[in-house]
Every structure is written in C-alpha cells, then in structure tokens.
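Here is the structure we will look at.
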Number of protein chains: 2
Amino acid sequence: MTDQAVSTVSSEQLAERAGVNAAKVRKDLSYLGTYGTRGVGYAVAELVDEIARELGLTHDWPVAIVGLGNLGHALANYHGFGARGFRIVALVDADAGKVGNQVGDLTIEGIDDLDVLVADRHVAIGVIATPAGAAQEVTDRLVAAGVSSILNFAPAVVTVPSGVSLRKVDLATELQILSFYQQHRRPSALGTEGSDHAAPDRAGVT
Amino acid sequence: MTDQAVSTVSSEQLAERAGVNAAKVRKDLSYLGTYGTRGVGYAVAELVDEIARELGLTHDWPVAIVGLGNLGHALANYHGFGARGFRIVALVDADAGKVGNQVGDLTIEGIDDLDVLVADRHVAIGVIATPAGAAQEVTDRLVAAGVSSILNFAPAVVTVPSGVSLRKVDLATELQILSFYQQHRRPSALGTEGSDHAAPDRAGVT
DNA sequence: CTCTGTGAAATTTTTCACAGCG
DNA sequence: CGCTGTGAAAAATTTCACAGAG
C-alpha cells in the first residue's frame, strides 16, 4: 500500500487482504497502542512504522548463515532479508573446499572462525542450513559464541538453552500439511478468495 | 523412536519431546481414534501408521517444483521429501538456458510443457520457487493444469481459486518473528528445555 | 455518517482431574 | 499400579455489537 501511495486503510480492507475478521484487526492493532482515526481508518505510513518498531525491525540484526549448500546459497542470495532490515554479515561452512568462495558480497569463512566472527560482528541471529547431522553441534557453537536467536532449516530437532530463541522451518512438514488438506478435501469448498492455510505461525515465549 | 526400536511411548514422553502438556497429547490423539493401552502407553509402530494415514502420507503425492534457482535446487535435492512419501516428478523453469539441465535424477523442463507434464504425471502439489514477479502467473498455470495444492516460497502473495490449498513459507517472516522475541527478550527467561517458538503452524480450511 | 476502540458474549483451545482398563 | 480417555473447568482467542470520535 505504501508503494501504491495509499494513505489510509480501514480495518475492513486490512481484514480482507489478511483473510480475517475486521474486528480482529482492530482488536490486534489496539494492543499495539496504534491509534487509527475514527471515521477514516489507519494512516498507512504510521501503521508501518509502529509495526516495524514493535517487531524490532528498527534495530539492525546481523545474521550469520551456517552451511552453504543449495539452501544456504538460496538464503544468502535472498533479497527479502535486506529489505526488512536483516543484514547478513557472515557465511560459514565446515567444508574447507568452500571456504574462501565468494557469495554475493561475502566470502565463506571456516567454522573455526565462528567465535571471533560472531563476537566481532555482533551476530544476533544464526541460520542453520547445514545437513541434519551437523545441526546440533553448530547450534551449540553459535549459542556458545553468544548468538541468542536460531533459525533452523536443517531437518533435525535441535535444543537450545533457556533464554535462546529457536524457530524451525521444516520443508517436509509444509508438504505434509498440504497433503493433509488434499486428503480431507471437502466435496464442496468454502471460502471466497480461495482457500487459506496460509495463515501465519503461532509461537510460544522464552 | 522407531529407529531406536522403542516399542511403546507414554503421552508424558511424547509431551516432553514436543514441548507440550501430556493431557494435550492424549486429547489430540483421541481425536485420531488412536487407542493407546492403559497402563502402558502407545505402540510406536501403530501410532506412526495411524498418523501417516491421517495425514495422507500413505498416498503418493507427485510434486512439481517450478523455478530452479538456488532455492529450487535446494528443494530438488532435499532428501526429506522422499523420506516422507513426496515424490518430485518434475522440475520446471522458464529460463531456456536452464531447460535440459540435470538436477539429481530429473531434467529441467520448459514452462510451456507444464500442462502436459502435470496431467501425465498426476502432479498433486506445486512448489513455487520462482522470483516474486512470476509467482502469480505460475500459480495460475499450475491451477489451470489441475494442481490442487500450492506451496509458495516466493516472497509474494498469491491467490488461488476456492478449492485449491495454499501455503506460504516466507523466510523473512521467520526472521521477523525471531527479531520480535529478541526485541522483547525477558530479563529472566522461562522454560526448562530451552525456549520454544518452534511450535508448529496453525492452518485454516478450504 | 463512517469507522475505530472495546466491553461483553461466544467459541475454541488447553488443562485439570479422575474413573476405569489392562 | 500406571497410564489412557475424557467430561468438566479454566484460559485464551475471536467475534459481536455499539458508544462515541472525527
């Protein structure tokens, strides 16, 4: 909407785009302390700012990616990160054959440099894109080095100490969820603008 | 647990591994119609079978990946899929320079062959790994060709007709969620076995 | 008039707690 | 005994519905 120079938006419009109830939009935004204008709606620019602030996107979060296989490369090249304030500051791989290779602006570094590099560049978020077998060890090393948020793409369950945030993206799980719906496809479908298992995630707290 | 030849498991044990309450495990499993044995627990093999059946993993779901950039390659090479019954049967890209390239066992095919290929190989699930700009068009073509489930990795919102399942994995969103927790990090952390925003997804219905 | 902000109601989810089976 | 299955209670989320601000 910002791109389209829309200046204000109603809860009804936001609700339609998000596929939810308008009351929910208003209730949720009310928790942000965001004030819309009665009779008008929400100022788009203001709303974007307030949400960015609440999500911590006004801070700068240096990210390190560990594991430069296909997925690691995909993540390293992914433009969406920079656009939302995440700065990739290090690419790390255990394979000596990859160390020294250039990926975009960055050079792949060895896993032995992890400690130094995390400290020097104030890495806040570690992304695990290693094979499953290496995931726990890499996680431990990242945490030991001071990283407090981990995003795990490896198909392995890893555990972290209390106080460290952990999220896991499991590609196969996503397919399983689709498979579940395919399996239970209703004879007559509901919904207006298409189906919607696209709803975002739930999450617990540390 | 199957790998470790564990024969039975209690709701308490499952709950600990999943990071939830034991009563929830029992309640949830009760909806499956799965019967545990009182005083003993659940038979691992039986539970795995019943869950697989419920999720539709006993069926064979042919998958087509569209867009063979880094992410597409990562997905094509990702072993977790086959392990859970998803068979990748086609790789499609619009770039003539990529068509004919081999990735694993498959050869990249042109987007113009999409219709034929979806029909011939009974593709049930389409994975979008294209740039954002191409996502909606590719989705439309997949749907027109008969694909009824879409997993969208492109950083773009796509819409599908009613009756088609859609999920979106947004890599930047995952980072934003971590950033939110980092921002709101409690001075004293809770939880025993580490934090847990690793909780799975919510989902709506078609 | 329109559209927000929000108490209150409705609904859904989660947890408790315990009867009862093996 | 130990652990499931499940009503009932508790908690959380979502929706309703409307007073009131602009």
Side-chain angles (χ1 to χ4, degrees), chain A residues 1 6-51 53-54 177 180-181 184 186 190-193 195-206, chain B residues 1 6-51 53-54 177 180-181 184 186 190-193 195-206:
Chain A
M1 287 180 158
V6 176
S7 65
T8 62
V9 60
S10 70
S11 58
E12 190 62 60
Q13 291 171 295
L14 287 171
E16 188 183 335
R17 298 228 192 175
V20 300
N21 185 295
K24 181 137 124 63
V25 170
R26 293 201 298 277
K27 181 73 95 176
D28 285 2
L29 290 180
S30 77
Y31 290 117
L32 278 186
T34 298
Y35 283 26
T37 309
R38 294 177 184 219
V40 178
Y42 300 89
V44 172
E46 192 183 317
L47 201 52
V48 167
D49 281 354
E50 292 211 35
I51 291 172
R53 177 157 39 256
E54 185 66 19
I177 294 170
F180 173 80
Y181 285 108
H184 293 141
R186 301 245 190 91
L190 303 173
T192 52
E193 182 244 317
S195 65
D196 176 80
H197 337 143
D201 302 41
R202 195 193 328 162
V205 245
T206 293
Chain B
M1 286 179 158
V6 176
S7 65
T8 62
V9 59
S10 69
S11 58
E12 190 63 60
Q13 292 171 294
L14 288 170
E16 189 184 333
R17 299 228 191 176
V20 299
N21 185 294
K24 182 137 124 63
V25 170
R26 294 201 298 278
K27 182 73 94 176
D28 285 2
L29 290 180
S30 77
Y31 290 117
L32 278 186
T34 299
Y35 283 25
T37 311
R38 293 175 186 222
V40 179
Y42 300 89
V44 172
E46 192 182 316
L47 201 51
V48 167
D49 282 355
E50 293 212 34
I51 292 173
R53 178 157 37 257
E54 185 66 18
I177 295 170
F180 174 80
Y181 285 108
H184 293 139
R186 302 243 191 94
L190 303 172
T192 52
E193 183 245 317
S195 65
D196 175 82
H197 336 142
D201 300 40
R202 197 193 328 163
V205 244
T206 293

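Numbers restart at 1 for each chain; the letters A, B, ... are given by sequence-line order, proteins then strands.
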- [ ] Nearest 0.5 Å please: distance from the CZ atom of A/R26 over to the OG1 atom of A/T34.
- [x] 14.5 Å
Open item on the list: For a quick check, with a 4.0 angstrom heavy-atom cut-off, what is the B/S/- contact string for nucleotides 4-11 of chain D, read 5' to 3'?
Closed with: BBBBB---
Take the protein atom [atom1] of [X] and the nucleotide atom [atom2] of [N], then report the distance between them rounded to whole Å.
X: A/Q13; N: C/dC3; atom1: CD; atom2: C1'; answer: 11 Å
X: A/L32; N: C/dT4; atom1: CG; atom2: C1'; answer: 14 Å
X: A/N21; N: C/dT11; atom1: CG; atom2: P; answer: 14 Å

Minimal non-hydrogen separation, [X] against [Y], with atom names:
X: B/S11; Y: B/A22; result: CB-O, 3.9 Å
X: A/L32; Y: A/E50; result: O-OE1, 4.0 Å
X: A/Q13; Y: A/S10; result: OE1-N, 2.8 Å

Task: Residues B/L29, B/L47; criterion side chain to side chain contact (heavy atoms under 4.5 Å, CB included); working and verdict - done: CA-CA 9 Å; B/L29 290 180; B/L47 201 51; 4.0 Å; yes
Open item on the list: So, OP1 or OP2 of D/dT14: does either fall under 4.0 Å of a side-chain N or O from A/K24?
Closed with: yes
Task: Sub-4.5 Å side-chain heavy-atom contact between B/D28 and B/V20 - done: no
